[in-house]
Protein chains: 2
Amino acid sequence: MALIRALAVDIDGTLSDQDRVLCPAALQALRKLKVPVVLSTGNTHCFTRTVSVLLGTPRIFIAENGGVLSHSEHEMKVLADLAICEDAFKKLSAEFPLQRYNSYRYRFTDIALQRNFDVVAATRRAQELGLPVEIIDTTYAVHIKDRRVDKGTGLARIAEHMQIDLSQFAAIGDSDSDLPMFKLAGYRASVGNSSRLLKENSDYVAGAEYGNGFAEIIDYMISQKML
Amino acid sequence: MALIRALAVDIDGTLSDQDRVLCPAALQALRKLKVPVVLSTGNTHCFTRTVSVLLGTPRIFIAENGGVLSHSEHEMKVLADLAICEDAFKKLSAEFPLQRYNSYRYRFTDIALQRNFDVVAATRRAQELGLPVEIIDTTYAVHIKDRRVDKGTGLARIAEHMQIDLSQFAAIGDSDSDLPMFKLAGYRASVGNSSRLLKENSDYVAGAEYGNGFAEIIDYMISQKML
């Protein structure tokens, strides 16, 4: 196994517990790392930046499922189009009881919704209507997002920016929204609470769940001399 | 000593280390608490909300040094006037090399500046000019803020909202900006890295610094049956 030079790590369900609270074991595990950690999440730029401050990870991260990238403290890239999500939200609201999360003015490119509707049916309807969006359920929220971006397109750009080969990235996550970055990274590991599909696409699946699973993955990678 | 029913807790330097990274001992200490923790900080609403998610504390908090309060996930109160801070910033910029932090669109009521100028001289000049602002140095940033608000006015309103008497609050912090809430709370404790003035106004001063000091304070309060 080649040496890993950077990690791309999901937040909710991977570093946190099921209530989104940070797991102490995950915080400890992060402190063992000598390689940069790129946070990768469906959450907002502001949320992700704050997490990077508290965890001491670089201000290089993927927010809004690839719609927003941070290249440094002062350089944010908006790569997706909120207008097409707003249009889809309006059209789908006619048929589904969509309820937006109140993210004040913090969300630049996608729409976060409560998980109170039939996502499969809404996805089918969006396709029938030819809407250029993707609807994803992270188990924490449902997102309507521009289908041109995802955590994979985000990772590809971040890797280029950092001048680190994608094969030298390890991706760690828990949900289907992590799949696009799993397809690009050189090594893939999922926590014990992950979706079936993500586990099937993993090189290593932790026995432990949530942040304890993340800590197990880091220990395993260190034991295998990948880190 | 009366039983403490809630804590008001500063973030930077109190729960974090000097680089603003969350201290594992502080995270563990928070998990021992059965009473609500009201975060109280000079940082933005979005930053503070994210910290509350990661720490599992209520969405009731004091941001922007009392300029912004959160009463719940969906109820934010803006209590200070950014315009007077912008005016002071403009006037003081003529004489001091003020550099704003790039907080995108996240700051509602105060201005955060880099610590590259003479705060004492700038404060004197603001007084000479009769500007209705206060300039405070939290050691993490310098803030120009509306002088009608501070962490004390914030705590008074939050206590009322929570229907908990101020005397049943314990305040925990590290810098002079915590003094206004120390003046109101029934019990006051400061971490080892605190300002001289805050230590002088504390019922308990931790020997340990930063987040380890916070953990020491919680253990002490539990041992004294305050919590």
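Reminder, nothing fancy here: chain letters follow the sequence lines and each chain counts from 1.
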**Item:** Heavy-atom contacts under 4.5 Å, residues 19-31 of chain A to chain B
**Value:** A:Arg20, A:Val21, A:Leu22, A:Cys23, A:Pro24, A:Leu27, A:Gln28, A:Arg31

**Complete:** Across all chains, not counting sequence neighbours, the side chain to side chain donor-acceptor pair (under 3.5 Å) partners of B:Tyr204 are B:Glu216

**Asked** Near B:Arg59 CZ, under 6.0 Å, is it more than 12 heavy atoms from other residues, nucleotides or ligands?
**Response** yes

**Prompt:** Got more than 12 heavy atoms from elsewhere within 6.0 Å of CD, B:Glu86?
**Reply:** yes

**Complete:** Result for side-chain contact (heavy atoms from CB on, under 4.5 Å) between B:Thr50 and one of A:Leu54, A:Thr48, A:Thr50 points to A:Thr50

**Message:** A side-chain contact here means heavy atoms from C-beta on lying under 4.5 Å apart; do B:Tyr106 and A:Arg49 qualify?
**Reply:** no

**Prompt:** What is the minimum heavy-atom distance between A:Phe47 and B:Cys46, and which atoms define it?
**Reply:** N-SG, 4.1 Å

**Message:** Please classify the contact between A:Asp12 and chain B as side chain, backbone, both or neither, with a heavy-atom cut-off of under 4.5 Å.
**Reply:** neither

**Message:** Counting only heavy atoms not in B:Gln114 (residues, nucleotides, ligands), do more than 12 fall under 6.0 Å from its CD?
**Reply:** yes

**Message:** Atom NZ of residue position B:Lys77 - does it have more than 12 heavy atoms of other residues, nucleotides or ligands inside 6.0 Å?
**Reply:** no

